[in-house]
Amino acid sequence: MEIYNTLTRRKENFQPREPGKVWMYVCGPTTYNYIHLGNARPLVFFDTVRRYFASRGYDVLYVQNFTDVDDKIINRAAEQGVDPFSLAGKYIGEYYRDADALNVRRADIHPKVSEHIPEIIEFVKNLVDNGSAYVVDGDVYFEVRQFPGYGKLSGRSLEDMQAGARVEIDVRKRDPMDFALWKSAKPGEPSWDSPWGPGRPGWHIECSAMSLKYLEANFDIHGGGFDLVFPHHENELAQSEAATGQPFVRYWVHNGFITVNEEKMSKSLGNFFLVREILAKFPPETVRFFLLSTHYRSPLDFDSEKLDAAGRGLERIKTSIRLLSEALEKKNGETEAAAATELNAALDALNASFEAAMEDDFNTALAIGVMFDLAREVNTSVQRLSGGIARVDREVLQKAMSLFSSFNEVLGIFRTDENSGRILLEGPGGNGAGLAEELINLIIDIRQQARARKDWAVADQIRDGLKNLGIVLEDTPQGVRWKKQG
RNA sequence: GGCGACAUAGCCAAGUGGUAAGGCAGAGGACUGCAAAUCCUCCACUCCCCGGUUCAAAUCCGGGUGUCGCCUCCA
């Protein structure tokens, strides 16, 4: 297993702290708004990382925080005249709706800042006591000059940063780069009592306090977007190592940005698309597929045409899975003619390729390519089957279906049935079809009668009419197949 | 100004020394009442440009050009 480590700027062989276990922490959202697509990328990617480790038999402990105490929340709440905690609570709920839609599994622990104030105060106190931090007028600052490794994660020295000189000078700070661990309360803001007076935590300290609480020093993976490398993660690293005297994190993993017209999608540029806006227009599996179709460290440019193209590609995979389930429903054949022997030979190789792709720094783009190869192999075999299927074929086809399932278990593109683990697709047999499905079947029957008397005008009228409603018909020698348009 | 990343076909995209995966779009063929789906075939003598190293480079080195990002809240 090779993972690109931001700290060393190269791929490294993954050696977990403890054999068979992975301890990982990912920076979650500040909950003052609905999440946008840019927020969704790390969610989906790290969910995939976690799924992959789990599929390899690792025992994964996954922690993702909510920042529910923050300037932006306080400001937004003030604008709306509501309580900041209820505002944050609302958007945490909305976060889960979006994440669930994208088939992102819940983290094992979702800690909130507001529920870890004592730990944070303790952490800050520790840093003050050991000389890493100092107190000014009820504020507490981390003193970067006291930490020799400051800048090692983002690859810049304090001198470089001074040269940049885009930091506003606060004369109370000993160094312009010193950052707040604890901020004294302003009137009307939520605050907690502390040894330095009433106040609230700075931004970076929460992640150190919470990750170390649940995962302890030298945990395996710390993730987030590239824009968090500096200052957020640099500061986390400094204060954590200053506090514990031990390495903080083994592998730092950062995902690239979603861009719009090649520009970073961000709240400040105003060019962001909310996840729920996109989900109103595209199926969630298409969105997830799109997010995973590019390597996580590369930028991913978003627009509707690209999402459309992704959807058409995904349709190919879906069709293959449908054809496969259809074939498996056939009765046993008389003969033992093995149509699927070539497929059998290919399956093991495909499985190995998929795994190799994921082992190489989570190359989901390559892994998806393998899934397309599987689709082709399956389609070729299934096409050869007619009438009943031989027992040997059935075994191979079942194996192919398990392979789709195991790929999907990692990529999380399609929903699966909780009990059987089977992949669920829209269309016949899908959930919640009910009356609509029966009506469609009725119309198809009528069309079949028209076809039987070669009344092509009526047959085509029905087919075109259904297509306009998003129902696509396919005539096959075995009967009519229909599906909802993806 | 400091630091860093990237540049592969019409589009998306994988590929860190051995002679360009995969998908979308497009062309031809098989199948079909016609379609759709599926299968087969074709679609980058070449990987931004210029030098260099090497038997061999999209892949390594040097120099350009271009795009993007971080240095300020941001995933």
Side-chain angles (χ1 to χ4, degrees), chain A residues 6 9-11 26-30 32 35-46 70-72 75 151 154-157 159-168 177 203 223-232 234 254-259 262-269 272 289-290 293-295 297-301 303 305-317 319-320 322-323 353 357 360 363-373 375-376 378-384 451 454-457 459-460 463-464 467 472-477 480-483:
Chain A
T6 306
R9 245 144 290 174
R10 57 168 185 249
K11 284 187 202 171
V26 174
C27 288
T30 299
Y32 69 106
I35 60 168
H36 64 247
L37 228 216
N39 300 307
R41 169 118 96 150
L43 273 177
V44 166
F45 170 64
F46 287 105
D70 174 88
D71 287 347
K72 295 185 289 293
N75 294 338
S154 53
R156 55 190 95 192
S157 65
E159 286 61 39
D160 291 341
M161 293 184 260
Q162 309 296 295
R166 281 180 63 182
V167 251
E168 80 182 69
M177 298 310 294
W203 174 35
F226 259 118
D227 50 356
L228 294 182
V229 172
F230 191 89
H232 186 52
E234 188 71 62
H254 294 98
N255 62 274
F257 302 124
I258 303 281
T259 58
E262 315 286 316
E263 272 192 322
K264 179 182 173 183
M265 179 184 292
S266 74
K267 289 176 182 169
S268 46
L269 287 173
F272 59 89
F289 175 79
F290 174 72
S293 65
T294 298
H295 185 88
R297 283 190 281 114
S298 302
L300 208 199
D301 199 57
D303 64 51
E305 287 72 36
K306 285 168 185 160
L307 213 42
D308 271 328
R312 286 194 297 272
L314 185 58
E315 195 56 41
R316 205 176 147 68
I317 308 273
T319 299
S320 183
R322 283 200 192 94
L323 291 173
S353 301
D360 184 10
N363 195 334
T364 53
L366 229 196
I368 283 173
V370 175
M371 196 149 74
F372 277 105
D373 292 338
R376 163 157 298 146
V378 164
N379 293 343
T380 303
S381 291
V382 165
Q383 188 168 248
R384 285 195 220 149
R451 292 183 72 213
K454 297 196 194 302
D455 186 348
W456 309 124
D460 290 351
R463 187 172 60 195
D464 293 346
K467 187 169 197 303
V472 180
L473 300 191
E474 296 172 10
D475 297 327
T476 77
V480 183
R481 174 190 303 136
W482 69 269
K483 64 180 177 183

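Per chain, numbering begins at 1; letters A, B, ... match sequence-line order. No hydrogens, no waters, no symmetry mates; every other heavy atom, side chains included, goes into these values. This structure is a prediction, so every number in the text was calculated from the model and none was measured.
Look at the C1' atom in both C11(B) and A7(B): the space between them is 16 Å, to the nearest Å. Here the separation of G66(B) from G28(B), taken at their P atoms, is 42 Å to the nearest Å. One C1' atom belongs to G15(B), the other to C74(B), and the distance between them is 32 Å to the nearest Å. For the P atom pair drawn from A20(B) and A9(B), the interatomic distance equals 16 Å after rounding to whole Å. Rounded to a whole angstrom, the distance from the C1' atom of G17(B) to that of U59(B) is 7 Å. A21(B) and A44(B) are spaced 11 Å apart, taking the P atom of each and rounding to whole Å. Rounded to a whole angstrom, the distance from the C1' atom of C43(B) to that of A27(B) is 8 Å. With C1' as the reference atom, C48(B) and C68(B) are 15 Å apart, rounded to whole Å.
Among the heavy atoms of the strands lying under 4.0 Å from T380(A) are primed sugar atoms or P, OP1, OP2 only; no base atom is included. Backbone-only contact: E262(A) has heavy atoms under 4.0 Å from sugar-phosphate atoms and none from a base. Using a 4.0 Å heavy-atom criterion, one finds that G256(A) contacts the bases of the nucleic acid, with or without backbone contacts as well. Among the protein residues, D70(A) comes within range of no part of the nucleic acid, since none of its heavy atoms lies under 4.0 Å from any strand. Within 4.0 Å (heavy atoms only), H36(A) reaches at least one base atom of the nucleic acid. Nucleic acid contact for R312(A): sugar-phosphate only, since backbone atoms but no base atoms lie under 4.0 Å from a heavy atom of the residue. Note on L43(A): nothing from the nucleic acid sits closer than 4.0 angstrom, heavy atoms only. Using a 4.0 Å heavy-atom cutoff across all strands shown, M265(A) reaches at least one base atom of the nucleic acid. D373(A) comes within 4.0 angstrom of sugar-phosphate atoms only, judged by non-hydrogen atoms across all strands, and of no base. Heavy atoms of F226(A) sit nowhere under 4.0 angstrom from any nucleic acid atom. Looking at heavy-atom distances under 4.0 Å, G38(A) makes contact with a base.
When each of G2(B), A14(B), C73(B) is scored by its nearest atom to the side-chain atoms of S298(A), the top-ranked nucleotide is A14(B). For T294(A), the listed nucleotide lying nearest its side chain is A13(B); candidates were C74(B), A36(B), A13(B). Nearest nucleotide to the T30(A) side chain, out of A13(B), A75(B), C70(B): A75(B). Taking the side chain of A459(A) as heavy atoms from C-beta on, and the options C71(B), C73(B), G33(B), the nearest nucleotide is G33(B). Taking every side-chain heavy atom of F230(A) into account, C71(B) is the closest of A13(B), C71(B), A75(B). Side chain of N363(A), nearest nucleotide from G15(B), U38(B), A37(B): G15(B).
Between L37(A) and F272(A) there is no side-chain heavy-atom pair separated by less than 4.5 Å.
Rounding to the nearest 0.5 angstrom, the gap separating the CG atom in D475(A) from the CZ atom in R451(A) is 3.5 Å. Note that the CE atom of M265(A) and the OG1 atom of T259(A) stand 8.0 Å from one another [nearest 0.5 Å]. In this structure, CG on D71(A) lies 11.5 Å from CH2 on W203(A), to the nearest 0.5 angstrom. Taking OG of S154(A) as the start and NE2 of H232(A) as the end, the distance is 13.5 Å to the nearest 0.5 Å. Atom-to-atom distance recorded for L323(A):CG and R481(A):CZ is 5.0 Å, nearest 0.5 angstrom.
One can place CD1 of I368(A) at 13 Å from C1' of A21(B), the figure rounded to the nearest angstrom. Rounded to a whole Å, the CG atom of L37(A) is 19 Å from the P atom of C74(B). The CG-P distance, from L228(A) to A75(B), rounds to 7 Å in whole Å. Rounded to an integer number of Å, the gap from D475(A) CG to A35(B) C1' is 8 Å. If you measure from atom NZ of K483(A) to atom C1' of A37(B), you get 6 Å, rounded to the nearest angstrom. For H295(A) and A7(B), the NE2 to P distance is 12 Å, given to the nearest whole Å. Summarising the geometry, the separation between CG on N379(A) and C1' on U38(B) is reported as 6 Å, rounded to the nearest angstrom. Distance F289(A) CZ to A13(B) C1': 11 Å, rounded to the nearest Å.
Nucleotide U54(B) is matched to nothing when pairs are restricted to Watson-Crick or G-U wobble geometry with both distances under 3.5 angstrom. Figure legend. A14(B) is base-paired to no nucleotide; pairs are counted as Watson-Crick or G-U wobble with both atom distances under 3.5 Å. Judged by Watson-Crick or G-U wobble contacts below 3.5 Å, the nucleotide A21(B) has no partner. When Watson-Crick and G-U wobble pairs are counted only if both distances are under 3.5 Å, G69(B) pairs with C3(B). Nucleotide U46(B): unpaired (no Watson-Crick or G-U wobble partner with both distances less than 3.5 Å). Nucleotide C39(B) has G29(B) as its partner under the Watson-Crick or G-U criteria, with both atom distances under 3.5 Å.
Distances shown here put every side-chain N or O of R451(A) at or beyond 4.0 Å from the OP1 or OP2 atom of G33(B). The side chain of K264(A) places an N or O atom within less than 4.0 Å of a non-bridging phosphate oxygen (OP1 or OP2) of C70(B). For R376(A), a side-chain nitrogen or oxygen approaches OP1 or OP2 of G23(B) to under 4.0 Å. Taking side-chain N and O atoms only, R297(A) has no distance below 4.0 Å to OP1 or OP2 of A75(B).
A salt bridge does not link D373(A) with R376(A): none of the charged nitrogens is closer than 4.0 Å to a carboxylate oxygen. Using a 4.0 Å cut-off between a side-chain N of Lys or Arg and a carboxylate O of Asp or Glu, E474(A) and R322(A) do not qualify as a salt bridge. The pair K306(A)-D303(A) counts as a salt bridge, with a side-chain nitrogen and a carboxylate oxygen less than 4.0 angstrom apart.
On a pure distance criterion of 3.5 Å, a polar donor-acceptor pair joins the side chain of R463(A) and the base of A35(B). The base of G15(B) is not paired with the side chain of D360(A) by any donor and acceptor separated by under 3.5 Å.
The 5' end of RNA chain B is approached more closely, in terms of each residue's nearest nucleotide, by G155(A) than by the other of A310(A) and G155(A). Position along RNA chain B of the nearest nucleotide to C27(A) versus K454(A) favours K454(A) as the more 5'-ward residue.
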Practice task
Walk me through it: do F290(A) and L300(A) pass the test side-chain contact (heavy atoms from CB on, under 4.5 Å)?
Solution key: CA-CA 9 Å; F290(A) 174 72; L300(A) 208 199; 3.4 Å; yes
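An aromatic stacking contact links W456(A) with the base of G33(B), defined here by ring centres under 5.5 Å apart and ring planes under 30° from parallel.
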